[in-house]
Amino acid sequence: MNTDTTQNIKSLADLRIIKDRIHNEIVKDEEHIGILWDELFHKHCSNEASSPTKRFSNMMGIGTGIIDGILLGWKLYRKYKGTPSLFRKRRR
């Protein structure tokens, strides 16, 4: 906030004008932040416009990520909570 505006306040009407101006700036900033947030987290592309090669490549990437996540989960499960393997020696 500028210090110039605090020195020019002489009445309640001046204060209301400044308050309305600041409120309008806040509303504009909120709208701008909303637009940026939407662009950041939502891709705006249509699958109909993309080529079959791009769609296949996208499906392969998603599938690879899912398989990688499943394998990581299985490895962590076996390391921390799983039963011993058939080929491991049991500790006594």
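When a residue number appears, it is its place in the shown sequence, counting from 1. Keep in mind the model is a prediction, meaning the values are calculated, not measured.
The hydrophobic cluster containing Ile66 also includes Ile62, Ile70, under a criterion of side-chain heavy atoms closer than 4.5 Å among ILVMFWY residues, counted directly or through chains of members.
Atom CD1 in Ile26 sits 10.5 Å away from atom CD1 in Ile33 (nearest 0.5 Å). The CD1 atom of Ile17 lies 12.0 Å from the CD1 atom of Ile22; values are rounded to the nearest 0.5 Å. Rounded to the nearest 0.5 Å, atoms CD1 (Ile35) and CD (Glu30) are 12.5 Å apart.
Between the side chain of Asp38 and the main chain of Gly34, no donor-acceptor pair closer than 3.5 Å is present. A donor-acceptor contact shorter than 3.5 Å is absent between the side chain of Asp68 and the backbone of Thr64.
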task = List the steps and the verdict of side chain to side chain contact (heavy atoms under 4.5 Å, CB included) for Lys54 and Asn58.
result = CA-CA 6 Å; Lys54 287 183 181 179; Asn58 190 22; over 6 Å; no
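The minimum heavy-atom distance linking Leu15 with Ile9 is given by the pair CD1-CD1, 3.9 Å.
Under the 4.5 Å side-chain heavy-atom criterion for ILVMFWY residues, no single connected hydrophobic cluster contains both Met59 and Ile67.
Taking Phe56 as the reference, nothing meets the ring-ring contact (aromatic ring centres under 6.0 Å, His included) condition, with sequence neighbours excluded.
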